[in-house]
Amino acid sequence: MEHMKKNDTTIFIGRVFRDWKFAQNTCLTLAEHEIPAIRANAILGLAYIARNKRILEKKFSEASDFKRLKENTDYQWRIQDAIDDIATFLKWKIVNV
């Protein structure tokens, strides 16, 4: 049950939390979670921040971070969509993902 709360939290934080940096850091922490669905929703939370706040720290744009997230094969489609959204809304060029 606890993992379901964390799973929903990442999306909620990314969509409505005013402090984008806190939201970003929370999503980045949850992107390391042991449960694949939580990791996938953490990147989705980052995409919501990019869409709604138009900001993320550039350090996150490292291709290796995205590649590691995409190793989550059960949710690869969600992660790729989120990466594409981040690139679009922040006008970042993200290659080799």
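Predicted, not measured: the structure shown is a model, and the values here were computed from it.
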Quick check against the 3.5 Å criterion: does D19 have a side-chain atom that pairs as donor or acceptor with the backbone of F22? yes
Set of residues satisfying side chain to side chain donor-acceptor pair (under 3.5 Å) with respect to D84, sequence neighbours excluded: Q80
Are F89 and I83 in one and the same hydrophobic cluster, where Ile, Leu, Val, Met, Phe, Trp and Tyr link if side-chain heavy atoms are under 4.5 Å apart? no
Just how far is it from atom CD1 of I43 to atom CG of L46, taken to the nearest 0.5 Å? 5.0 Å
Student check: side-chain heavy atoms of I55 and K21 closer than 4.5 Å: no
Heavy-atom pair with the smallest gap, counting every atom of A42 and C27: CB-O, 3.2 Å
For a quick test of reading the model, state the closest non-hydrogen atom pair linking L56 to W92 and the distance between them. O-CZ2, 3.6 Å
Please give me the minimum heavy-atom distance between A47 and D85, naming the atom from each residue. CB-CB, 4.1 Å
Output for pair (Q24 CD, T29 OG1), nearest 0.5 Å, gives 10.0 Å
Residue set satisfying side chain to side chain contact (heavy atoms under 4.5 Å, CB included) with A23, at least two apart, ordered chain then number -> I13, F17, I49
Please assess R78 against N41 for the test side-chain contact (heavy atoms from CB on, under 4.5 Å), listing each intermediate value before the final yes or no. CA-CA 8 Å; R78 180 179 297 165; N41 279 347; 2.7 Å; yes
Can you name the side chain to side chain donor-acceptor pair (under 3.5 Å) partners of R54, sequence neighbours left out? none
Which pair of non-hydrogen atoms, one from Y75 and one from A40, has the smallest distance, and what is that distance? CB-CB, 3.3 Å
Donor-acceptor under 3.5 Å (R39 side chain, H33 main chain): yes
CG-CD1 distance between D74 and I35, expressed to the nearest 0.5 angstrom: 12.5 Å
